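Everything below concerns the one structure shown next.
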Amino acid sequence: MPTDPSRPGEPEYLGDAPSAPTQRRSRKWPVLGIAAAGVAGVVGLGGWAAVSLMAGGTQAADAVPADAIGFVSLDLDPSAAQKIEAVQILRKFPALEKELDVSSRDDLRRWVFEQMQEDGVCADLDYTTDVEPWIGDRVAVAGVPADEAGAEPIPLVALQVTDTEAATAGIERLATCGDAGEDFGVAISGDYALISDSAAHADALAASVAEGSLADDADYRRWMERVGDPGIVTMYAAPGAADAMLDMQHMMSDDGAGMPGGQLSPMFPQPDMDAMRKQLEKAAADFEGMAGVIRFEDGAVEAEFVGESTPDDLMTSGDRAGVTALPETTALALGVSLQEGWAQKLVDRLGQVMGADGSVDRMLSDAEAMTGLELPEDIERLLGEGFALSVDRDLDVAAASQDPAAAPAGIRVSGDPAEINAVVDKIRTLAGPRADALVVEEGDGVVALGLAADYVRELADEGGLGDQATFQDVVPDADDAGAVFFLDLDAVEQWVSQGMEQSGDTG
């Protein structure tokens with residue numbers, strides 16, 4: 001997952017995907033919950049072993065109003081190239097496919113529906129009769145600004161359908177058996193069913209789409225062009241998304257959501273919270289949007305995100321973290337290369353958010369008194385020029401669950417060993433007798449830490465992960481990246497199989 005601060009469009013492999021902001025008004029709205037669960041559940045399962053190589057129908061963005069502030073879509077019928085890549089990648093997980101009995105798009109939809117039924121929702125309905133005849137391959141969850149000033153965004157699920165009449169009846173049956181009540185509405189727009197929290201909202205959303213869709217919006221198109229080729233998952237946050245999230249936060253705090261006097265946290269008095277709010281409002285006003293895509297490409301699951309704001313004053317390009325020098329048997333690696341002075345810059349940024357009344361200084365002073373650390377200086381000394389987390393492919397899940405010291409995992413810090421060890425000694429003192437479990441090894445300009453002595457010694461040496469073909473294929477620009485995330489899917493399959501065996505579920 002190379003992330004270069006100077007190149008905000010750099011791909012991230014197997015990275016976490018942020019969700020665009022959406023808001024649901026009622027817990028009695030199962031149809032939206034089902035669709036959202038489908039987005040998460042289907043992506044997590046994978047499985048394109050029996051699909052056509054021809055994609056069809058309009059994209060979900062064509063069924064969402066142009067003024068949507070947040071958008072996340074799932075496409076179970078992507079391009080032929082991605083389907084081929086998906087088949088090749090997902091063949092690495094035959095045990096998972098066998099366990100879930102999922103081998104096609106329809107199997108995936110059926111699986112999500114049946115999981116819902118196992119929770120007691122719509123148990124009397126039948127997927128083959130009540131859902132399969134009308135459900136399509138694409139779905140999107142979005143938030144759309146309300147007409148009333150200060151009101152919560154209107155929630156929307158745009159679900160592709162193959163038979164609009166059957167879909168309307170089928171969705172209404174789902175709403176009825178899910179006890180949605182009045183918190184439900186559906187309208188048809190092209191080959192999509194637009195589902196919202198009221199009939200009035202659903203009709204208004206359909207009318208809005210007729211005037212202009214998100215696919216035609218200039219901001220959306222700009223970010224999609226920057227994020228590159230489409231994928232199975234597409235995410236978008238509009239320039240107004242940050243403002244909308246702040247508005248919701250304000251409504252929660254003004255109503256006293258869990259805190260006396262409407263405070264969001266008992267750590268700060270109300271004046272501090274007001275100062276933080278003003279700084280957040282300024283930051284939200286400067287937000288210009290962002291986008292992300294998850295796709296199958298070049299033998300990897302690739303997650304790519306673009307945005308105007310990047311931590312270019314915290315991270316630096318170049319593999320100062322030493323990811324390429326990890327052991328060649330590394331199966332999972334996460335490395336971050338840090339700029340000199342990054343910790344103080346982070347504190348300064350937090351101070352700008354919280355206000356210039358000394359709140360951050362008080363927090364650091366209290367933490368210093370409790371820990372004996374010099375903050376933030378000791379944090380920067382501890383993490384050096386950069387750090388890399390590593391897990392070896394020979395991880396024995398059963399053994400590690402019984403004895404953490406058996407886990408071949410650790411952290412490799414690049415920098416001045418004397419400075420790093422000085423902070424480690426302070427942490428050992430703070431930890432007391434438990435500190436004996438921590439193994440520390442010094443190498444040439446590095447310090448390795450972990451619980452497994454043999455692996456920590458290996459971690460302190462110069463390894464050859466960067467020379468491995470698999471690593472080079474997945475992270476071709478690691479030497480120029482500010483952050484790298486690497487995951488070997490073959491090792492993941494092995495760990496999953498071990499976990500299933502340990503639980504007694506051998507299939």
Side-chain angles (χ1 to χ4, degrees), residues 18-26 29 31-32 35-36 39 58-75 138-160 183-227 230 233-251 280-293 305-309:
S19 298
T22 59
Q23 178 71 17
R24 188 174 65 175
R25 293 171 180 258
S26 171
W29 199 20
V31 178
L32 293 190
V39 172
T58 56
Q59 297 297 316
D62 290 298
V64 173
D67 60 345
I69 57 176
F71 169 83
V72 181
S73 69
L74 168 70
D75 187 353
R138 297 176 177 129
V139 61
V141 181
V144 180
D147 292 334
E148 305 84 6
E152 297 179 22
I154 299 171
L156 165 66
V157 166
L159 180 62
Q160 188 184 47
D183 299 321
F184 164 80
V186 59
I188 298 298
S189 175
D191 57 350
Y192 280 82
L194 306 187
I195 309 166
S196 192
D197 57 355
S198 71
H201 279 162
D203 291 338
L205 291 168
S208 182
V209 171
E211 296 178 1
S213 73
L214 184 62
D216 298 321
D217 178 72
D219 287 318
Y220 177 81
R221 292 173 65 89
R222 175 168 67 97
W223 286 113
M224 288 300 105
E225 288 173 0
R226 289 187 60 181
V227 83
V233 176
T234 299
M235 295 156 279
Y236 168 69
D243 283 328
M245 293 181 69
L246 273 181
D247 287 342
M248 289 190 292
Q249 178 260 311
H250 289 176
M251 286 186 286
L280 289 171
E281 287 173 349
K282 182 180 182 301
D286 296 334
F287 180 70
E288 297 187 18
M290 64 177 297
V293 166
F305 303 94
V306 294
E308 291 293 347
S309 297

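Predicted model only: the values in this text are computed from it and were never measured. These values consider heavy atoms only, across backbone and side chains, with no hydrogens, waters or symmetry-generated copies.
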Subject >> T234 side chain reached by M224 side chain, heavy atoms, under 4.5 Å >> reply: yes
Original post:
Checking S189 side chain against Y192 main chain: does a donor-acceptor pair fall under 3.5 Å?
Top reply: no
Original post:
Got a donor-acceptor contact below 3.5 angstrom from the R138 side chain to the A158 backbone?
Top reply: no
Subject >> Nearest heavy atoms of Y236 and L214, plus distance in Å >> reply: CE2-CD1, 3.9 Å
Subject >> Sequence-distant partners of D217, salt bridge (charged side-chain N to carboxylate O under 4.0 Å, His left out), two or more places apart >> reply: none
Original post:
So, does S198 use its side chain to make a donor-acceptor pair with the main chain of D183 at under 3.5 Å?
Top reply: no
Original post:
Do the side chains of L156 and P65 get nearer than 4.5 Å, heavy atoms only?
Top reply: yes
Original post:
Taking all non-hydrogen atoms of both residues, which atom of D62 and which atom of A215 are closest, and how far apart?
Top reply: OD1-CB, 3.3 Å
Original post:
Can you find a heavy atom in the side chain of Q59 that is under 4.5 Å from one in the side chain of D75?
Top reply: yes
**OP:** Provide the closest heavy-atom pair for A291 versus W223 in the form atom of the first, atom of the second, distance.
**Re:** CB-CB, 3.7 Å
Original post:
What distance do S208 atom OG and D67 atom CG have between them, rounded to the nearest 0.5 Å?
Top reply: 5.0 Å
**OP:** Quick one: closest heavy-atom pair of F71 and A140, and the distance?
**Re:** CE1-CB, 3.4 Å
**OP:** Locate the shortest heavy-atom distance separating M235 from V293; write the atom from each residue and the value.
**Re:** CE-N, 4.1 Å
**OP:** Report the distance from atom CD of Q160 to atom CG of L74, rounding to the nearest 0.5 Å.
**Re:** 11.0 Å
Original post:
I69 versus P153: any side-chain heavy-atom pair under 4.5 Å?
Top reply: yes
Original post:
Which heavy atom of A142 sits nearest a heavy atom of V64, and at what distance?
Top reply: CB-CG1, 4.0 Å
**OP:** Could you pull out all residues at least two apart from D203 that satisfy side-chain contact (heavy atoms from CB on, under 4.5 Å)?
**Re:** A187
